Amino acid sequence: MAENDKKIVFSGVQPSGNLTIGNYLGAIKNFSRFSEEYKTFYCVVDLHAITVRQVPAELRKRTYETLALYMACGLDPQKNTLFVQSHVPQHAELGWILDCYTMFGELSRMTQFKDKSAKNAQNINAGLFTYPALMAADILLYQTDIVPVGIDQKQHLELARDVASRFNLLYSDTFKIPEGYIPQDTMKIMSLQEPTAKMSKSDPNENAIVYILDSKDDIMRKFKRAVTDSDTCVRYSEDKPGVSNLMTIYRAFSGKSFDEIEREFDGKGYGDFKMAVGEACADGLKDVREEFARLIADKSHLEAVMKAGAEEAYGYARRTMSKVRRKIGFVN
Ligand code: TRP
């Protein structure tokens, strides 16, 4: 297919904090499956990151790390446009414009805003509130067809669709209306310590979270300590949240079905099961970890990648922006 006929995929990851296996299985691992058939843009969203206070040196370091992680997770910069959001000024520009087409009431209903403002009560800034309009700008700038995200971003994606439709209705077709790609099978990885809550990178209990870049020892220790139940039977069931979560993780890394997993551990205890999950997870992440270590050591290569990515993205973003300016009535 000619490059220009390809459908567009866009997604973004914030350069804040370490990413967990929830981020990996729910989102990043799926990104590379689009590279052949689609024109793909994967962005490190540093403008979004500053909606909560960041230590400047840390933010800079994590921006490099997130890019390296994209590449370590299989995104070849020759086949995917990898870039940093603040390097393409149209994101901030369209973000402001879409603020004016997004309603206060809509933004007030966003559960992520409610959660984050509860957690950052001393810094409920306007950017935290309008975050979803900037995310809509990210997506709509590229005339995106498909947005692979975790289930937690579904509400923001719906808002982006609503804002795009509203704009199109006012000014005639301007933006493509994007579809989400939200994997059903691994969409929610739960805490290892409290399996009824989502695995979250802000959880103060380190044993609850497995990071993509954890060492094998750490991974094994965390799975060994994972909460199960007083039963001894490896079976997927709503009333067995700990075991079911481990089965979900095991299935994702081993490719085995729930039936196969139940048979594999029939008559065996939870100890064996937890070790097997740990092994599968550590094995699955080994290449990512090694690639990451190699990539992060070569900053100038990462800089070349982000520069080329920003130039490519800029070309696309500029086209949409000139259309938007004309439709709104800005003087050229
Ligand atoms: N809000 C997303 C998250 O926290 C990150 C993000 C920003 C994003 N812009 C995006 C995801 C555009 C997909 C598309 O995970």
Side-chain angles (χ1 to χ4, degrees), residues 8-16 27 41-54 59 83-120 123-182 313-314 316-330:
I8 309 271
V9 169
F10 184 98
S11 196
V13 171
Q14 288 198 47
S16 52
F41 294 89
Y42 294 115
C43 184
V44 181
V45 293
D46 54 352
L47 298 174
H48 279 105
I50 62 166
T51 56
V52 300
R53 283 293 169 261
Q54 301 289 336
L59 178 61
F83 72 107
V84 176
Q85 189 185 26
S86 67
H87 292 177
V88 180
Q90 287 89 346
H91 287 258
E93 189 181 0
L94 185 61
W96 166 256
I97 291 173
L98 295 184
D99 280 350
C100 304
Y101 299 84
T102 306
M103 298 302 130
F104 185 88
E106 287 177 311
L107 293 171
S108 308
R109 284 193 289 277
M110 296 292 118
T111 54
Q112 184 171 300
F113 172 70
K114 292 187 220 170
D115 289 352
K116 285 199 179 176
S117 46
K119 278 188 200 146
N120 298 281
N123 181 26
I124 306 176
N125 61 70
L128 194 64
F129 188 63
T130 60
Y131 179 114
L134 179 61
M135 177 163 161
D138 298 342
I139 297 166
L140 302 178
L141 265 180
Y142 299 92
Q143 303 294 344
T144 300
D145 294 281
I146 297 173
V147 186
V149 278
I151 184 86
D152 62 319
Q153 295 300 311
K154 192 166 181 234
Q155 199 184 26
H156 289 164
L157 195 64
E158 286 300 321
L159 183 71
R161 290 165 54 90
D162 290 346
V163 172
S165 307
R166 181 173 303 143
F167 195 99
N168 287 352
L169 207 63
L170 275 167
Y171 300 106
S172 80
D173 263 1
T174 309
F175 298 122
K176 181 75 80 56
I177 309 296
E179 301 284 340
Y181 176 91
I182 299 170
Y314 186 88
Y316 281 76
R318 209 185 42 176
R319 247 173 285 160
T320 298
M321 270 318 296
S322 74
K323 209 163 146 188
V324 167
R325 279 202 209 92
R326 187 160 37 80
K327 300 231 181 180
I328 291 179
F330 290 166

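In what follows, every heavy atom counts, from backbone to side chain, and hydrogens, waters and symmetry copies are set aside. Nothing here was measured: the structure is a model prediction, and the numbers come from that model.
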(request) Please examine the side chains of Tyr101 and Leu170, heavy atoms only from C-beta on, and report whether any two atoms are closer than 4.5 Å. (result) yes

(request) Give a yes or no answer on whether the side chain of Gln155 reaches the backbone of Arg109 with a donor-acceptor pair at less than 3.5 Å. (result) yes

(message) Measuring only between side-chain heavy atoms, which start at C-beta, is Asn125 closer than 4.5 Å to Asn120?
(response) no

(message) Applying side chain to side chain donor-acceptor pair (under 3.5 Å) as the test, list every pair that has at least one member in residues 131-140; sequence neighbours left out.
(response) Gln14-Tyr131, Gln85-Asp138, His91-Asp138

(message) Once rounded to the nearest 0.5 Å, what's the spacing between atom CE of Met135 and atom NE2 of His48?
(response) 7.0 Å

(message) Show the nearest heavy-atom pair for residues Thr102 and Leu98, with the distance to one decimal.
(response) OG1-O, 2.7 Å

(request) Please name all residues satisfying side-chain hydrogen bond (donor to acceptor under 3.5 Å, both in side chains) with Ser86, sequence neighbours left out, ordered by chain then number. (result) Asp46

(request) Applying side chain to side chain contact (heavy atoms under 4.5 Å, CB included), run through Ile139 and Leu157 and close with a yes or a no. (result) CA-CA 9 Å; Ile139 297 166; Leu157 195 64; 3.8 Å; yes

(message) Measuring from atom CZ of Phe167 to atom CG of Leu94, what distance do you get when rounded to the nearest 0.5 angstrom?
(response) 7.5 Å

(request) Just do the side chain to side chain contact (heavy atoms under 4.5 Å, CB included) check on Phe129 and Ser108 with the steps written out, would you? (result) CA-CA 8 Å; Phe129 188 63; Ser108 308; 3.7 Å; yes

(request) Decide yes or no for Val324 and Leu141: does some side-chain heavy atom of the first lie under 4.5 Å from some side-chain heavy atom of the second? (result) no

(message) Could you work out, with side chain to side chain contact (heavy atoms under 4.5 Å, CB included) as the rule, every residue matching Ser172, not counting sequence neighbours?
(response) Lys327

(request) Measure across Asn123 and Thr51 and return the closest heavy-atom pair with its distance rounded to 0.1 Å. (result) ND2-O, 4.2 Å

(request) Enumerate the residue pairs fulfilling salt bridge (charged side-chain N to carboxylate O under 4.0 Å, His left out) with a member in residues 154-165, sequence neighbours excluded, ordered by first and then second residue. (result) Arg161-Glu179

(message) Going by the rule salt bridge (Lys or Arg N to Asp or Glu O under 4.0 Å), which residues pair with Lys176 if we only count those two or more places apart in sequence or in a different chain?
(response) Asp145

(request) Test Gln90 against Thr320 for side chain to side chain donor-acceptor pair (under 3.5 Å), laying out the working first. (result) CA-CA 9 Å; Gln90 287 89 346; Thr320 298; over 6 Å; no

(message) To check you understand the geometry: which heavy-atom pair defines the closest contact between Val88 and Ala317, and what is its length?
(response) CG1-CB, 4.0 Å

(request) Under the side chain to side chain contact (heavy atoms under 4.5 Å, CB included) rule, collect the residues that match up with Arg319, sequence neighbours excluded. (result) Tyr316

(request) Give every residue pair that meets the salt bridge (charged side-chain N to carboxylate O under 4.0 Å, His left out) criterion with at least one member in residues 91-108, sequence neighbours excluded. (result) Glu93-Arg325, Glu106-Arg166

(message) Applying side chain to side chain contact (heavy atoms under 4.5 Å, CB included), can you list everything that pairs with Ser117, at least two apart in sequence or on another chain?
(response) Phe113, Ile124, Leu128

(message) For Ala49 versus Pro15, what's the shortest heavy-atom pair and its separation?
(response) CB-CD, 3.9 Å

(request) Sequence neighbours left out, what passes side-chain hydrogen bond (donor to acceptor under 3.5 Å, both in side chains) with Ser322? Give chain and number order. (result) none

(message) Restricting to non-hydrogen atoms, name the atom on Ala164 and the atom on Ile177 that form the minimum distance, rounded to 0.1 Å.
(response) CB-CD1, 3.7 Å

(message) Which residue in the set Tyr142, Tyr42, Tyr181 passes ring-ring contact (aromatic ring centres under 6.0 Å, His included) when paired with Phe10?
(response) Tyr142

(request) Go through the structure and list residues passing side-chain hydrogen bond (donor to acceptor under 3.5 Å, both in side chains) with Thr130, not counting sequence neighbours. (result) none

(message) I'd like to know if the side chain of Ser11 reaches the main chain of Pro148, judged simply by a donor and an acceptor atom lying under 3.5 Å from each other, with no hydrogens or angles considered.
(response) yes

(message) Run the side-chain hydrogen bond (donor to acceptor under 3.5 Å, both in side chains) test against Tyr314 and tell me which residues pass, sequence neighbours left out.
(response) none

(message) Within the structure provided, determine whether Leu134 and Val45 are in side-chain contact (heavy-atom separation under 4.5 Å).
(response) no

(request) Applying side chain to side chain contact (heavy atoms under 4.5 Å, CB included), name anything that partners Ala27, two or more places apart in sequence or on another chain. (result) Phe31

(message) Please report the interatomic distance OG1(Thr111) to CG(Asp152), rounded to the nearest 0.5 Å.
(response) 8.5 Å

(request) Write down the atom of Lys323, the atom of Asp173, and the distance for their closest heavy-atom approach. (result) CE-O, 4.1 Å

